[in-house]
Each structure stands twice: as structure tokens, then as C-alpha cells.
Amino acid sequence: MHLVPAERADHRTIDGHRVCDAIAAIGEPGEVRAWADRFALLADPGRLALLLALHRAGPIAVSDLAVATGMKDTAVSQALRLLRAAGVVEGAKDGRVVRYRVVDDATAELLTQCTTAGPAVLDSGPRAVRSPRTT
């Protein structure tokens, strides 16, 4: 168990080699935090809708994104500000219009997976079935 930190070395394990494999799979805490932050950006339905639209439609203006997503212009602008600060999107000015696009490759790959796999893949686990009520 060469990867187990000293403060956890005295814990009982069942499969020590799997513990090391799991530690290696987790990686550096900073990388885990970066992925968690990326997933947090995608966790909001409004931001995800914007990112999907940007990913599939290419560079598009705020007002057009608002129409496409059903969001208000101000909400789109606020979400884009957050996504821009995170380095996920960038805007290019064309006269008075700014068109946004996805620039983060890892996020683009996740969005591709969202559009190819679809939610059914994520939602295909077992479900609790309610029995009908009898009165």
C-alpha cells in the first residue's frame, strides 16, 4: 500500500492493491477540485442549456441565446459572465454584437457526451416502483 498517506496507513484494508489503484485514480486534490468546479458549472440547467446551444450552434449573440433558451437577456449575460470568468466561453466582438462560443476543450467534450449519450444513459438505473393504493 505504497500510495496510502501516512495518516491513513494504520487503517484496516481488505484489498490493499485496490486501495492504491483507487488513490491513483483519484489523482491530485487540485485536479479533483477543478473537475468538481467544471461539473458545478454544468449542474445549473440554465448554464447547461446555454453551453449546449453554444456548443452545437457555434458563436451566437446574447439576445439569440435568450430566445433559444427561453431565458431573459440579463440572466443569459450573468451566466455568460460566470462561464467567461471560468474560462469556459469567450466572446468575440463583431461591431456592437458580441458572439460567444465554448473554448474549453474538456467542457466541449462533456457537452458532446451529453448530446450523444443523452439523459437516458444517465437515468437507466433501477427505480423504486410504487404499488398502487388500494382503498
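- Residue V67 belongs to no hydrophobic cluster, having no ILVMFWY side-chain heavy atom closer than 4.5 Å to its own.
- With sequence neighbours excluded, the residues forming a salt bridge (Lys or Arg N to Asp or Glu O under 4.0 Å) with R33 are D37, listed by chain and number.
- With sequence neighbours left out, A106 forms a side-chain contact (heavy atoms from CB on, under 4.5 Å) with W35, R38, D104.
- There is a path of hydrophobic side-chain contacts, each under 4.5 Å, that joins I60 to L52.
- Considering only heavy atoms from C-beta on, L54 stays 4.5 Å or farther from L111 through its side chain.
- Interatomic distance, CG of D105 versus CG of L110, reported as 11.0 Å (0.5 Å rounding).
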Distance-only donor-acceptor pairs under 3.5 Å for side chains of residues 68-82, two or more places apart:
residue: T69; atom: OG1; partner: L65; partner atom: O; Å: 2.8
residue: T69; atom: OG1; partner: M71; partner atom: N; Å: 3.3
residue: S77; atom: OG; partner: D73; partner atom: O; Å: 3.1

Please output the side-chain donor-acceptor pairs of residues 40-47 that fall under 3.5 Å, not counting sequence neighbours, one pair per line with the distance.
residue: D44; atom: OD2; partner: G46; partner atom: N; Å: 3.1
residue: D44; atom: OD2; partner: R47; partner atom: N; Å: 2.8
residue: R47; atom: NE; partner: L41; partner atom: O; Å: 3.1
residue: R47; atom: NH2; partner: A40; partner atom: O; Å: 3.2

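- The hydrophobic cluster containing L48 also contains V62, counting ILVMFWY residues as joined when their side-chain heavy atoms lie under 4.5 angstrom apart, directly or transitively.
- The hydrophobic side chain of V97 is isolated, with no ILVMFWY side chain under 4.5 Å apart from it.
- No side-chain heavy atom of V19 sits under 4.5 Å from any side-chain heavy atom of I14.
- Listed by first and then second residue, the ring-ring contact (aromatic ring centres under 6.0 Å, His included) pairs that reach into residues 90-116 come to none, sequence neighbours excluded.
- Judged as a side chain to side chain donor-acceptor pair (under 3.5 Å), the pairs with a partner in residues 50-62 (not counting sequence neighbours) are, in order, H55-T112.
- With sequence neighbours excluded, the residues that form a side-chain hydrogen bond (donor to acceptor under 3.5 Å, both in side chains) with R99 are D94.
- For V32, the side-chain contact (heavy atoms from CB on, under 4.5 Å) criterion is met by I26, not counting sequence neighbours.
- Going from atom SG of C114 over to atom CG of L51 covers 9.5 Å, rounded to the nearest 0.5 Å.
- For E90, the side-chain hydrogen bond (donor to acceptor under 3.5 Å, both in side chains) partners two or more places apart in sequence, or in a different chain, are R101.
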